[in-house]
J.: 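Please read through the structure below; I'll follow up with questions.
For ligands, and for the atoms within them, numbers begin at 1 and follow the listed sequence. Not measured: the values here are computed from a predicted model.
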Amino acid sequence: MADISSLEKMRQHFNSGVTKSYAFRKEQLSKLKRSILNHEQDLYDALYADLKKSPEETWVTETGLVIAELNAALKHLRSWMEPDNKSTNLLNLPSGSKVIKEPLGVVLIIGPWNYPFQLLINPLIGAIAAGNCVVLKPSEFAPATDAVMKKIIEEVFPKEYILYMQGDGATVIPAMMNNFSFDHVFYTGSTTVGRIIYKMAAERLVPVTLELGGKSPCVVESDANIKVAARRIVMTKFSNAGQMCVAPDYLLVHASVKEQLLNAMKETIQQFFTDKPEESYNYGKIINEKQFNRISGYLSSGTKVTGGRTDKEKLFIEPTILTDVPLDAPVMTDEIFGPVLPVITFTEMEEAKAIIDKHPNPLAFYIYTSAKQKEKQWLEAVPAGGCCVNNSSWHLTNHNLPFGGRGFSGTGCYHGEYSFDTFSHKKAVMKTPTWFDPNIKYPPFKGKLKLFKWVIR
Ligand code: NAD
């Protein structure tokens, strides 16, 4: 466990100013990239051991995403660091105004187990780019990936700059947060633990980014391209065995296309994962027995359209689609975070909207329709962290878009330049020349009201 003196050393290291130059930041990003690529095979092995991810899936959802994020940071770092010049209002002329992006200091990044590499290292890229010192706390539930990440970090970074802190989150994190004032805490994980983190941060007025979970609804309208919808929904719902924060949590399908969609999804599951998904190269496993037991509990919540088989030894749960699910069943009140997809029908938009409103501010919202008007109506109707139209989950992989939740699904955002901004303070600077210093700005003020009303409007 981190003794506080190692965190104080990080503070001293940050205060020395060495992390702030463009050259330093760029070099650290390059080092990180090299170290990751040196351990590419180790990461494939580890993610297979923890979650049964194939190398292809690992590249698309973990390593490749991180490398793309690193490349974007390396390419744009200089322009991100440039001050933003701003215009100056009449009152302050002839002053000049700008915004300087200042590193925050020593920041804490806490990761979850479902994408254990990407969700810890992507925020790290933003934090390094912005010139900070970083404590990394990985999830203890993906031990193989945790061990490789420790090597990747410790082989290239000294502990006073990037500290890799393993262990039980419930012990390690309070021990740090209650005894040291971080300059920012970036947390990805469940809403329950997010609340604990938020409270600890509030005690010391530490700003936070919270990347939380929730129930992300997916609506399929009567005019959707059903074949395409089925492929895209099955792909994103059952990728990583459903253990994805932006997976479609439940489906709201227009009654007129329900049968067609269910048949298409059944067929697609078969094509993607075969009759024996437990042996499929393309299908993952549940992370541990605790999650296996939790998700298995949902399987009896409705009528099984497909799936439902489990194997505890292999931590396997078959891709499962359920209908006739009561809206008050746990599968419709909890975040599912597993390969179980409840399908509910609607005929009027208001019906579907009322169900979505039971879980406000989802992390993501997906609408499948070919009508522009419906697309607009739905996008306006559901406040959400992010959205896809005729797609699910993939918005997360475009680093030009901000990624984050709102309200119950989180606060703040990151990816690409948004990560840089998250880990930078925007410092307002006004510079006023001395050659112009009119008396009108100074007392006595009596009789100047009319002029002030003209200047300040
Ligand atoms: P979790 O909350 O159990 O753990 C996340 C981190 O918190 C881990 O590093 C853990 O060590 C630490 N932790 C656990 N208990 C703690 C405590 N009492 N005090 C302080 N720290 C503690 O989350 P998880 O199960 O790893 O992840 C699943 C959840 O994360 C789901 O709800 C999912 O939707 C969400 N998630 C969100 C995103 C996103 O980007 N918004 C991404 C992935 C996962």
J.: K137 heavy atoms, cut-off 4.0 Å: which ligand 1 atoms fall inside?
T.: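 The atoms of ligand 1 under 4.0 Å from a heavy atom of K137 are 9 (O), 11 (O).
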J.: Examine M200 against ligand 1 and note whether any of their N/O atoms are separated by less than 3.5 Å.
T.: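 In this structure, M200 places no N or O atom under 3.5 Å from an N or O of ligand 1.
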J.: For I197, which part has a heavy atom under 4.0 Å from ligand 1: side chain, backbone, both, or neither?
T.: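 Near ligand 1, I197 shows its side chain, while the N, CA, C and O stay back.
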J.: I'd like to know whether ligand 1 has G410 as a neighbour, heavy-atom separation below 4.0 Å.
T.: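 Checking ligand 1 against G410, which is what was asked, there is no heavy-atom contact under 4.0 Å.
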J.: Is NZ or CZ of K20 both nearer than 6.0 Å to the six-membered ring centre of F14 and within 45° of the ring axis?
T.: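 Verdict for F14: a cation-pi partner in K20.
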J.: Considering the heavy atoms of I110, write down every atom of ligand 1 situated less than 4.0 Å from one of them.
T.: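 Close to I110: 6 (C), 7 (O), 9 (O).
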J.: Below 3.5 Å, N or O to N or O, backbone or side chain included: is there any such pair between E140 and ligand 1?
T.: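 Yes: some nitrogen or oxygen of E140 is under 3.5 Å from one in ligand 1.
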J.: Which ligand 1 atoms are under 4.0 Å away from a heavy-atom of G111?
T.: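 Per the distance check, 5 (C), 6 (C), 8 (C), 9 (O).
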J.: To check your reading of the model: name the closest protein heavy atom to atom 17 (C) of ligand 1, its residue, and the distance in Å.
T.: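 Here the nearest protein heavy atom works out to A170 CA, 3.5 Å.
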J.: Which of the atoms of ligand 1 are close to T188, meaning less than 4.0 Å from one of its heavy atoms?
T.: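 Selected atoms, number and element: 5 (C), 37 (C), 38 (C), 39 (C), 40 (O), 42 (C), 43 (C).
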J.: Among protein heavy atoms, which lies nearest atom 28 (C) of ligand 1, and at what distance?
T.: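 Nearest protein contact, heavy atoms only, for atom 28 (C) of ligand 1 is F337 CE2, 3.6 Å.
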J.: When you measure from the side chain of N282 to the backbone of F272, do you find a donor-acceptor pair of N or O atoms at a distance under 3.5 Å?
T.: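 Checked: pair present.
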J.: Looking only at side chains, do E267 and N263 share a donor and an acceptor under 3.5 Å apart?
T.: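 No.
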J.: What protein heavy atom sits nearest atom 35 (C) of ligand 1, and how far off is it?
T.: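 For atom 35 (C) of ligand 1, the nearest protein heavy atom is G189 O, 3.3 Å.
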J.: Which protein heavy atom lies closest to atom 31 (C) of ligand 1, and at what distance to 0.1 Å?
T.: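 The closest heavy atom on the protein side is E335 OE1, 3.5 Å.
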J.: Heavy-atom distance to atom 36 (N) of ligand 1: which of C245, G169, S190 wins?
T.: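 Looking at heavy atoms only, the winner is C245.
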J.: Going by the order shown, which atoms of ligand 1 are within less than 4.0 Å of some heavy atom of S139?
T.: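 Every atom of ligand 1 under 4.0 Å from some heavy atom of S139: 9 (O).
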J.: Please identify which atoms of ligand 1 are closer than 4.0 Å to at least one heavy atom of W113.
T.: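 Near W113, meaning under 4.0 Å from one of its heavy atoms, ligand 1 has 24 (P), 25 (O), 26 (O).
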J.: With side chains defined as the heavy atoms from C-beta onward, is the minimum distance between V220 and L252 less than 4.5 Å?
T.: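 With C-beta onward as the side chain, the pair stays apart.
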J.: Could you tell me whether the side chain of V134 reaches within less than 4.5 Å of the side chain of L136, counting heavy atoms only?
T.: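 They are in side-chain contact.
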J.: Would you say K137's side chain and I173's backbone share a donor-acceptor pair under 3.5 angstrom?
T.: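 Between the backbone of I173 and the side chain of K137 there is no qualifying donor-acceptor contact (under 3.5 Å).
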J.: Quick one: does N114 get an N or O within less than 3.5 Å of an N or O on ligand 1?
T.: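 By distance alone, the answer is no.
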J.: At under 4.0 Å between heavy atoms, which part of F141 makes contact with ligand 1: side chain, backbone, both or neither?
T.: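 For F141, there is no contact with ligand 1 at all, from either part.
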J.: Without swapping roles, check the side chain of D183 against the backbone of V107 for a donor-acceptor pair under 3.5 Å.
T.: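 Side chain of D183 to backbone of V107, a donor-acceptor pair under 3.5 Å: no, none is there.
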J.: Below 4.0 Å from any atom of ligand 1, is there a heavy atom belonging to G405?
T.: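 Outside the 4.0 Å threshold, so no.
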J.: I'd like to check N132 versus T19 (side-chain heavy atoms, cut-off strictly below 4.5 Å). Are they in contact?
T.: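 In short, these two side chains do not touch, never coming nearer than 4.5 Å.
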J.: Side-chain contact, heavy-atom cut-off 4.5 Å: I109 with Y187?
T.: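 Counting from C-beta outward, I109 and Y187 never come under 4.5 Å.
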J.: For residues W113 and F337, establish whether the separation of their ring centroids is below 6.0 Å.
T.: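 Yes - the distance between ring centres of W113 and F337 falls below the 6.0 Å cut-off.
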J.: Y414 and F186: aromatic ring centres closer than 6.0 Å?
T.: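 So the answer is yes for these two rings.
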J.: Where does the angle between the aromatic ring planes of Y161 and F24 fall among parallel (under 30°), tilted (30 to 60°) and perpendicular (over 60°)?
T.: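 The rings of Y161 and F24 stand perpendicular, inter-plane angle above 60°.
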J.: Check for me whether R204 meets the cation-pi criterion with F182, that is, NZ or CZ under 6.0 Å from the six-membered ring centre and within 45 degrees of the ring axis.
T.: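 Relative to the ring axis of F182, which defines the angle, R204 lies outside at least one limit.
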J.: Do the rings of H184 and F423 sit parallel, tilted or perpendicular, given the 30° and 60° boundaries?
T.: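 The rings of H184 and F423 stand perpendicular, inter-plane angle above 60°.
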J.: Does the pair E278/K314 count as a salt bridge with the N-to-O cut at 4.0 Å?
T.: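 Not counted as a salt bridge, because no side-chain N and carboxylate O are separated by less than 4.0 Å.
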J.: I need the contact type for L363 against ligand 1. Using non-hydrogen atoms and a strict under-4.0 Å cut-off, is it side chain, backbone, both or neither?
T.: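 Only the side chain of L363 comes within reach of ligand 1.
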J.: For atom 16 (C) of ligand 1, what is the closest protein heavy atom, and at what distance to 0.1 Å?
T.: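 I find the closest protein heavy atom is V193 CG1, 3.5 Å.
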J.: Which ligand 1 atoms does I196 reach within 4.0 Å, using its non-hydrogen atoms?
T.: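 Per the distance check, 18 (N).
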J.: Do Y366 and S393 have side chains that get closer than 4.5 Å, going by heavy atoms?
T.: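 Result yes, sub-4.5 Å side-chain heavy-atom pair found.
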J.: Under 4.0 Å from a heavy atom of P138: give me the atoms of ligand 1 that qualify, with their elements.
T.: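 Close to P138: 9 (O).
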J.: For atom 40 (O) of ligand 1, what's the nearest protein heavy atom and its distance?
T.: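 Result for atom 40 (O) of ligand 1: F403 CE2, 3.3 Å.
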J.: Of the protein's non-hydrogen atoms, which lies at the shortest distance from atom 12 (C) of ligand 1, and what is that distance?
T.: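 For this ligand atom, the closest protein heavy atom is I173 CD1, 3.8 Å.
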J.: With a 4.0 Å heavy-atom cut-off (strictly under), which part of V172 contacts ligand 1: side chain, backbone, both or neither?
T.: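 No part of V172 comes within reach of ligand 1.
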J.: Can Y187 be said to touch ligand 1, with heavy atoms closer than 4.0 Å?
T.: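 Yes, that is the case, since the closest heavy atom of the residue is under 4.0 Å from the ligand.
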J.: Do me a favour and list the nearest non-hydrogen protein atom to atom 41 (N) of ligand 1 with residue, atom name and distance?
T.: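 So the nearest neighbour among protein heavy atoms is L212 O, 2.7 Å.
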